[in-house]
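Take a look at the structure set out below.
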Number of protein chains: 2
Amino acid sequence: MYISTRGRYAVRALLDIALSDNGTPVSLRAISERQNLPISYLEQIFNRLKRVGMVQSVRGVNGGYHLGRIPDEITVGSIIKTMEGPIRLSKCDEPPSKRPACIGLDDCVARIMWKTLEGKIDVLLEGISIGQLVKDSKEMEKRKAVNKYEESIS
Amino acid sequence: MYISTRGRYAVRALLDIALSDNGTPVSLRAISERQNLPISYLEQIFNRLKRVGMVQSVRGVNGGYHLGRIPDEITVGSIIKTMEGPIRLSKCDEPPSKRPACIGLDDCVARIMWKTLEGKIDVLLEGISIGQLVKDSKEMEKRKAVNKYEESIS
DNA sequence: AACATTCTTGACACATAGTGTCGAGTATAT
DNA sequence: ATATACTCGACACTATGTGTCAAGAATGTT
C-alpha cells in the first residue's frame, strides 16, 4: 500500500525539471545533485518517462530533458501509472504462485469493493498535477522568505 | 500500491464470519473451505485480528471465532491497518537500505502531497464496513435468485 | 481418562518485486 | 578528438510478501 521509489522519484524529478527549466534542457546529473538521487536509477526512470512522452530528451553535451507536456497536464496519477502500471488494490485474477485463480470473480463482493476503491484512488491521483506542485513550491518559498524576514527584524 | 493478501484474506474471512455465524463460533477450517484459503495462513492472520479485538476466539472442539465488534464498526480501513500497519504512500523517513534519509522533510512539497493523499485514502477505506459488505452480499444473492427465476420461466 | 478438535505461537522457507548498479553504445557540442 | 549526456539491457542484492510447519494448550466428547 505504498508508492515505489520509482514512482516517487519520478514525481520529484519531474517537479525539479518544471522548476528549473529555463530554456536549456535539465540534465540527469543536475537533477541527481539537487534531489540527491542516484543518477543511474534516474536513467532507468527517465527511460520510461520518455517512452510515454512525459519528457523530451536532448542528447549530447548540454543535453538533458524537457517536460513533454505542460505541467498542468502531467498528473501524479499518470506518473505513477507510467512507473508502476495501473492502479490496482487486488490481484484476484493473477494469484501469487501456487494458489489457484479465485473463482466466481464477478460475483465477489470483496473484489467489487476493491475495484470501486481503485477508481476512487485513481481520481485522487489524477487530481494532482506537476503544475499544482509547482505552485505549492513557490508558495512555500515565499512563506519561508517572509519567515526569515520576520526573524531578522524581531 | 496494492493490498497484501493478508489484508484481503482478512476482509474475506471477516465477511465470511459475519455471514455464517449463527451462534456457534466459526472455525478456521470452515472459513478455509468456503473461501478456499490455506488454513495455516489464516491462523497467522487471525492471530493479529484477535490481538486487536477484531475477533473473539473459542478454543477446543466446536471452537472458532466470533466477530469482536458489530459488523458496522469493523471497517476495511481498520482491517488493512491491522494487517499492514498504517496507510502510508511514501517512506521518506525510513529510506531503503543504503540511501541516506531525505533532508528537509517538512519543506518537501512532494512529501506533503503524499501525506495529504494518505489521509484521503484513509477516509475512503474507513468509509466501508463489513456491515456494508454483508448488505451488498445479500443484495447480490437476491439478484442472482431473481435471475435464475427469470431464466427458468423464459 | 483418552482422544479429537481447534486455537496459539513462533520459526522458518520460498518466491516475487523493488531498488539500484554497471557497462557498452550512440548522439552532439566544442 | 574529446567530453558530455542520453540509451538500453542485463544483472545483483535486499526486503517483503506469502505461506508452511511443528509443538503446545484448551476444551468438548466418549
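Chain A is the first sequence line, chain B the second, and so forth, proteins listed ahead of strands; every chain is numbered from 1. What you are looking at is a predicted structure, and each value in this text was computed from that prediction instead of being measured.
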Given C/dT6, C/dG20, D/dG19, the nucleotide with the shortest approach to the side chain of B/Ser27: C/dT6

Using a cut-off of less than 4.0 Å, is there contact between a side-chain N or O of A/Ser40 and OP1 or OP2 of C/dC22? no

Please report, rounded to the nearest Å, how far the P atom of C/dG18 is from the CE atom of A/Met1. 15 Å

At less than 4.0 Å, is any side-chain N or O atom of B/Asn47 found next to OP1 or OP2 of C/dT9? Yes or no. yes

Specify whether B/Tyr9 and B/Tyr41 have parallel, tilted or perpendicular ring planes, treating 30° as the upper limit for parallel and 60° as the lower limit for perpendicular. perpendicular

Less than 4.0 angstrom between a side-chain N/O of A/Lys50 and OP1 or OP2 of D/dT7, yes or no? yes

Rounded to whole angstrom units, what separation is found between the CD atom of B/Glu33 and the C1' atom of C/dT5? 14 Å

What distance do B/Leu14 atom CG and B/Arg69 atom CZ have between them, rounded to the nearest 0.5 Å? 10.0 Å

Interatomic distance where NZ belongs to B/Lys91 and P belongs to C/dG18 [whole Å]: 11 Å

Of A/Gln44 and B/Gln44, whose closest DNA chain C nucleotide lies nearer the 5' terminus? B/Gln44

Between P of D/dT4 and CZ of A/Arg29, the distance in whole Å: 8 Å

Show the numbers, then the answer: is there a side chain to side chain contact (heavy atoms under 4.5 Å, CB included) between B/Tyr65 and B/Ile31? CA-CA 10 Å; B/Tyr65 293 91; B/Ile31 298 172; 5.5 Å; no

Give, for atom CE of A/Met54 and atom CE of A/Met83, the distance between the pair rounded to the nearest 0.5 Å. 9.5 Å

How many Å lie between CG on B/Leu28 and C1' on C/dT5, as a whole number? 12 Å

What's the CG-C1' distance between B/Leu42 and D/dT18, to the nearest Å? 12 Å

Would you say B/Tyr2 reaches C/dG18's phosphate, i.e. side-chain N/O to OP1/OP2 under 4.0 Å? no

Under 4.0 Å between a side-chain N/O of B/Tyr65 and OP1 or OP2 of C/dT8, yes or no? yes

Starting at atom CG of B/Leu49, determine the distance to atom P of C/dT8, rounded to an integer number of angstrom. 11 Å

Rounded to the nearest 0.5 Å, how far apart are CG of B/Leu19 and CD of B/Glu141? 8.5 Å

Residue pair B/Arg34 / B/Ser20, side-chain donor-acceptor N/O under 3.5 Å: yes

Using a strict 4.0 Å threshold on nitrogen-to-oxygen distance, state whether B/Arg48 and B/Glu84 make a salt bridge. no

Nearest whole Å is fine: how far is D/dG17 C1' from B/Ile80 CD1? 14 Å

Near DNA chain C, counting only heavy atoms under 4.0 Å, which residues of residues 51-62 of chain A show up? A/Arg59, A/Gly60, A/Val61

